[in-house]
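Every chain is numbered from 1, with letters handed out A, B, ... down the list of sequences. Heavy atoms only: backbone and side chains are in, while hydrogens, waters and symmetry mates are out.
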There are 2 protein chains.
Amino acid sequence: MGPSVYFYVTYVLCLCLGLLCVLLVSCWSSQWRGGFAWDGSALQFNWHPVLMVSGLVVLYGNAVVVYRIPFTWKQRKHTWKLVHAGLMIIALFLSFLGLCAVFDFHRGFHIPDLYSLHSWMGICTVVMFAFQWSLGLAGFLFPCSPSWFRSTLKPVHIWIGKAVLILSLTSCISGITEKLLLTLTGATGEPYNSLPEEAKFVNSLGVLIMVFGLVVFVILSKNKWQRPQTDNENTHLLLHEDVI
Amino acid sequence: MGPSVYFYVTYVLCLCLGLLCVLLVSCWSSQWRGGFAWDGSALQFNWHPVLMVSGLVVLYGNAVVVYRIPFTWKQRKHTWKLVHAGLMIIALFLSFLGLCAVFDFHRGFHIPDLYSLHSWMGICTVVMFAFQWSLGLAGFLFPCSPSWFRSTLKPVHIWIGKAVLILSLTSCISGITEKLLLTLTGATGEPYNSLPEEAKFVNSLGVLIMVFGLVVFVILSKNKWQRPQTDNENTHLLLHEDVI
């Protein structure tokens with residue numbers, strides 16, 4: 001089997017895990033937490049996990065690895081830069097909507113904003129992501145951006161990209177922990193520490209989210225799965241040797 | 001400034017952040033949570049965050065980057081393999097003690113084990129770490145391990161190493177979230193959502209732990225900070241091209 005077969009097996013695994021995460025988090029909100037609304041109620045909160053997992057983890061993770069798909073290598077890199085940037089802005093928009101959902105819910109129930117470690121991590125993640133997207137646009141899509149700026153930015157862009165993914169995963173796992181501890185209190189049903197069905201289901205969702213993230217890191221860690229450099233890009237790389 | 005100056009600046013930052021994390025988590029347990037004991041009481045639990053942060057994050061993170069210190073490059077790699085493996089076994093031992101602390105505490109208070117997502121993530125992290133250490137010993141320190149095994153194992157070892165660090169960070173942040181939600185309930189003082197002093201202090205510890213982890217990833221992401229390969233190692237690399 002050629003290396004691209006191994007890539008596609010890993011990539012299909014990544015796609016399936018991503019879809020499964022979106023499916024399970026939607027099922028959690030709709031089946032266990034009462035469904036969705038956009039009216040400042042607890043049902044508006046239910047959009048928060050769905051939008052954050054879909055945007056900040058699944059769509060983000062898929063957008064990160066888009067350059068590694070071998071069939072794209074014969075096509076213009078500029079086209080795939082636009083796909084990468086496009087998927088990322090959708091991911092950022094979903095995350096922003098996810099934040100609106102939780103802030104509206106807090107306002108409706110007079111719950112303070114930004115008190116928990118989860119919220120601190122989550123806000124840092126979205127701000128870093130927005131900063132990364134703007135910097136990427138300025139550096140890699142504006143035609144007038146100077147060559148030295150692109151070559152300096154590339155390793156920074158790659159590192160921030162991985163950092164945002166690590167922060168997203170951490171925010172998700174701490175968010176799930178927080179939500180389960182605040183809702184499965186024993187006041188209206190079985191407490192979290194008796195491991196009711198919902199807890200088993202959502203703990204498994206947390207594990208799946210981590211597995212998805214680690215599969216994305218597998219794809220990123222294989223040098224031979226990188227898109228081959230064109231001559232023009234090689235000139236930049238001579239100026240700056242870090243290719244990660 | 002040469003590249004090693006940049007390395008040492010980042011490395012000193014990594015050391016300082018690591019020390020600060022150990023200091024702050026010890027301060028949390030001793031000043032806010034009543035100190036330490038090894039008697040099945042809540043004071044035994046207090047060893048858990050200290051041992052996990054010290055072992056699974058700070059010592060682990062430092063052991064990961066030990067090959068990157070330029071002054072070690074003139075010395076035999078075998079010596080530094082022993083240092084790496086030695087630091088890792090201490091980190092694993094501290095993590096194991098940290099698990100004992102929480103299991104003993106649970107037994108004393110009849111709290112179920114392994115119900116939370118944090119505990120699922122934490123157990124996976126320690127099991128994966130123990131597996132990684134054993135595989136590393138068999139592959140890189142046993143003199144009779146075959147060359148093909150070492151070269152195949154190297155990229156897997158590097159990937160699992162990063163995965164364990166990501167899982168450790170996630171386990172720490174979800175663990176801090178869990179502990180603060182379970183203790184700052186408002187029954188004996190201010191609740192977590194009023195952001196009392198302890199919450200601000202421990203949220204900041206969580207942020208510092210993440211910053212430490214991301215600085216370790218900065219060190220790992222710079223190809224030019226890798227230990228140069230010897231001829232013997234290059235032979236292995238020709239057999240297996242992934243150098244991450």
Side-chain angles (χ1 to χ4, degrees), chain A residues 3 106 111-121 124-125 155-156 158-160 162-163 165-167 169-178 180-182 184 191-196 199-200 202-207 209-211 213-214 217-218 220-225 241-244, chain B residues 3 106 111-121 124-125 155-156 158-160 162-163 165-167 169-178 180-182 184 191-196 199-200 202-207 209-211 213-214 217-218 220-225 241-244:
Chain A
H106 281 180
I111 299 168
D113 292 321
L114 298 176
Y115 68 88
S116 70
L117 179 54
H118 161 67
S119 63
W120 289 22
M121 304 296 308
C124 286
T125 312
V156 178
I158 292 170
W159 177 78
I160 299 181
K162 290 179 183 173
L165 186 58
I166 295 171
L167 286 167
L169 295 170
T170 313
S171 302
C172 274
I173 303 304
S174 59
I176 290 174
T177 300
E178 183 174 320
L180 288 178
L181 282 162
L182 289 174
L184 304 178
Y192 190 18
N193 69 19
S194 70
L195 206 61
K200 280 182 203 152
V202 184
N203 282 0
S204 308
L205 164 66
V207 172
I209 289 170
M210 281 310 293
V211 174
L214 294 180
F217 274 99
V218 168
L220 294 180
S221 71
K222 300 277 272 186
N223 284 357
K224 64 178 111 169
W225 289 352
E241 282 179 6
D242 274 306
V243 195
I244 306 159
Chain B
H106 281 180
I111 298 168
D113 292 321
L114 298 176
Y115 69 87
S116 69
L117 179 54
H118 161 68
S119 63
W120 289 24
M121 303 297 309
C124 286
T125 312
V156 178
I158 291 170
W159 178 78
I160 300 181
K162 289 180 184 172
L165 186 57
I166 295 171
L167 285 167
L169 295 170
T170 313
S171 303
C172 274
I173 302 304
S174 58
I176 289 173
T177 299
E178 183 173 322
L180 289 179
L181 281 163
L182 289 173
L184 304 179
Y192 190 18
N193 68 21
S194 71
L195 207 59
K200 281 183 203 151
V202 184
N203 282 0
S204 308
L205 164 66
V207 172
I209 289 171
M210 281 308 296
V211 174
L214 295 181
F217 274 98
V218 167
L220 293 179
S221 71
K222 299 278 270 184
N223 284 357
K224 64 178 112 171
W225 289 352
E241 282 181 4
D242 274 308
V243 195
I244 308 159

Dump the intermediate steps for side chain to side chain contact (heavy atoms under 4.5 Å, CB included) on Leu117(A) and Ile173(B), then the final yes or no. CA-CA 8 Å; Leu117(A) 179 54; Ile173(B) 302 304; 3.9 Å; yes
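- Phe217(B) and Phe217(A) have tilted rings, their planes meeting at an angle from 30° to 60° on a 0 to 90° scale.
- Distance CE/Met210(A) to OG1/Thr125(B): 7.5 Å, rounded to 0.5 Å.
- Of the listed residues (Leu169(B), Ile111(B), Thr177(B)), the one with the most heavy-atom contacts under 4.5 Å to chain A is Thr177(B).
- In this structure, chain B has heavy atoms under 4.5 Å from both the backbone and the side chain of Ser204(A).
- In this structure, the side chain of Asn193(B) does not engage the main chain of Tyr115(A) through any donor-acceptor pair within 3.5 Å.
- Note that CG of Leu167(A) and CG of Leu214(B) are 5.5 Å apart. Values are rounded to the nearest 0.5 Å.
- The CG atom of Asn203(B) sits 7.0 Å away from the OG atom of Ser119(A) when rounded to the nearest 0.5 Å.
- Once rounded to the nearest 0.5 Å, the distance linking CG of Leu165(B) with CD1 of Ile166(A) reads 7.5 Å.
- Residue with the most contacts toward chain A among Leu182(B), Ile176(B), Val218(B): Val218(B) (heavy-atom pairs, distance under 4.5 Å).
- At a 4.5 Å heavy-atom cutoff, the contact between Ala163(B) and chain A is made by backbone and side-chain atoms alike.
- With rounding to the nearest 0.5 Å, the separation of OG in Ser174(A) from CG in Leu181(B) is 10.0 Å.
- Between atom CD of residue Glu178(A) and atom OH of residue Tyr192(B) there is a gap of 6.5 Å, rounded to the nearest 0.5 Å.
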